[in-house]
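Lettering follows sequence order; numbering is per chain, from 1.
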Number of protein chains: 2
Amino acid sequence: MNKQTQARYDAKATVIKAMAHPTRLLIIEELSKQEHCVCELTDMIGADTSTVSKHLALLKNAGIVSDEKRGQMVFYTLKMPCVLKFLSCLETTLIENAREQLALVG
Amino acid sequence: MNKQTQARYDAKATVIKAMAHPTRLLIIEELSKQEHCVCELTDMIGADTSTVSKHLALLKNAGIVSDEKRGQMVFYTLKMPCVLKFLSCLETTLIENAREQLALVG
DNA sequence: TGGCTCATTGGTAATATAACCAAATTACCA
DNA sequence: TGGTAATTTGGTTATATTACCAATGAGCCA
C-alpha cells in the first residue's frame with residue numbers, strides 16, 4: 001500500500017480510537033449539549049479526576065474537543081459535531097442488530 | 001450512572017472500537033465499494049491471512065460486516081453504510097485540523 | 001503568604017490488542 | 001481418496017490502554 005494512503009488511515013484511526021471508550025462517548029454526548037468543566041464531568045462519570053483528565057487530554061489531542069481555562073476551572077467543548085450524527089446512526093444500528101438477534105432466537 | 005445507560009455506552013464503544021484500526025478502516029472502505037473475499041483483502045493489506053481473518057471476525061462481531069461462504073471462499077459485505085458518512089466527516093475534520101496546525105506554525 | 005480547590009502529570013499494575021506462526025477445518029477436484 | 005487452496009482458531013510475544021494513587025502546578029482569596 002501507498003505510504004500516504006497508509007498515513008491517512010492511521011490518522012483516521014487515531015481519531016476513531018479516541019472515541020472508542022464508553023467514558024469518552026459519554027463525554028462527547030454531554031459536551032454536545034453544553035460545555036462542561038472537568039469537575040462536572042468527573043461527577044457524572046464517577047471516576048478519579050486524573051482518569052477523566054486523561055480521557056479529555058486524549059480527546060483534545062485527537063481534535064475532538066477543545067479546552068479553555070477560566071479561573072481555576074478548565075471548560076471543554078465539542079469541536080467535531082459530526083460525530084453526533086454517527087452516534088445516532090450507531091444507535092439505530094444497534095437497535096436493528098438487537099432485533100435481528102431476537103428474531104434468531106424466536 | 002444508570003446501569004442501562006452504561007450498557008448502551010459499552011455497546012456503542014464496542015462498535016467504534018471495532019472501527020478503530022487502520023487495517024479495519026481500509027477493509028470498511030473497500031467493502032463499501034464492493035464485496036470481497038478474505039484472499040482479496042489479504043492481498044490489499046499485505047498482512048498474514050490469519051491477521052486479516054481476525055480483523056474481519058472482529059468487524060463481524062461488531063455487526064459492521066456480514067459474511068457469506070461460497071465454495072471455499074468467504075465473502076464479506078459492509079452491513080452498516082452509515083459509517084461511511086462518518087468517515088467522510090472525519091476526513092474533512094482532519095483537513096481542518098491540519099490547516100489549523102499550519103496556521104499556528106506559519 | 002498560606003491554604004484551598006481544580007486540574008494535569010508521572011508511576012505502576014492489570015488487562016486488552018495485534019502480529020505472526022503453526023495447526024485444524026472445510027470445500028473442491030483430479 | 002488424497003491433495004490443494006481458502007479460512008479460521010490456538011498459542012505466544014510485544015505493545016498499548018486504562019485505572020488508580022501520589023505528587024505537582026496554577027489560580028483564588030482570607
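For A/Asp67 and C/dA7, the CG to P distance is 11 Å, given to the nearest whole Å. Remark: P of D/dT7 and NE2 of B/His36 are 13 Å apart, rounded to the nearest angstrom. Atom CG of B/Asn61 and atom P of C/dA16 are 15 Å apart (whole Å). Taking atom CZ of A/Arg70 as the reference point, atom P of C/dC6 lies 16 Å away to the nearest angstrom. Taking atom CG on A/Leu58 and atom C1' on C/dT8, their separation rounds to 14 Å, with Å as the unit. Here the C1' atom of nucleotide C/dT8 and the CG atom of A/Leu59 are 15 Å apart, to the nearest Å. Computed from coordinates, the A/Met73 CE to D/dC28 C1' distance equals 11 Å when rounded to whole Å. Protein atom CG of A/Asp48 is 17 Å distant from nucleotide atom P of C/dT12, rounded to whole Å.
In this structure, A/Thr51 reaches the D/dC20 phosphate: one of its side-chain N or O atoms is under 4.0 Å from OP1 or OP2. When the side-chain nitrogen and oxygen atoms of A/Arg24 are compared with OP1 and OP2 of D/dT18, one or more of them lie within a distance under 4.0 Å. Considering only side-chain N and O atoms, A/His21 lies under 4.0 angstrom from the phosphate OP1 or OP2 of D/dA19. The phosphate of D/dA19 has OP1 or OP2 within less than 4.0 Å of a side-chain N or O from A/His55. Neither OP1 nor OP2 of C/dC6 sits under 4.0 Å from any side-chain N or O of A/Tyr76.
In this structure, B/Thr14 contributes its side chain and B/Asp10 its backbone to a donor-acceptor pair below 3.5 Å. Between the side chain of A/Arg24 and the backbone N or O of A/Lys17, at least one donor-acceptor pair lies under 3.5 Å. B/Arg99 contributes no side-chain N or O that, together with a main-chain N or O of B/Leu94, makes up a donor-acceptor pair within less than 3.5 Å. No donor-acceptor pair closer than 3.5 Å links the side chain of B/Glu29 to the backbone N or O of B/Leu26. A side-chain donor-acceptor contact under 3.5 Å links A/Glu40 to the backbone of A/Cys37. Counting only distance, with no hydrogens or angles, the side chain of A/Thr51 and the backbone of A/Ala47 share no donor-acceptor pair below 3.5 Å.
Between the side chain of B/Lys54 and the base of D/dG11, at least one donor-acceptor pair of N or O atoms lies under 3.5 Å. Below the 3.5 angstrom threshold, one finds a donor paired with an acceptor across the side chain of B/Ser50 and the base of C/dC21. Judged by distance alone, with hydrogens and angles left aside, A/Gln72 brings a side-chain donor or acceptor within reach of the base of C/dT5, the pair sitting under 3.5 Å.
In this structure, B/Lys17 reaches the sugar-phosphate backbone alone: every heavy-atom distance under 4.0 Å involves primed, P, OP1 or OP2 atoms, never a base. Nucleic acid contact for A/Phe75: none, since no nucleic acid atom lies under 4.0 Å from a heavy atom of the residue. Among the protein residues, A/Ala47 comes within range of the sugar-phosphate backbone only, with heavy atoms under 4.0 Å from sugar or phosphate atoms but none that close to a base.
Summarising the base pairing, C/dA30 is matched to D/dT1 through a Watson-Crick or G-U wobble pair whose two defining distances lie under 3.5 Å.
The side chain of B/Val74 approaches D/dT8 more closely than any other nucleotide in the set D/dA19, C/dC6, D/dT8.
Nearest-nucleotide mapping onto DNA chain D: of B/Leu56 and A/Ala20, the residue sitting toward the 5' end is B/Leu56.
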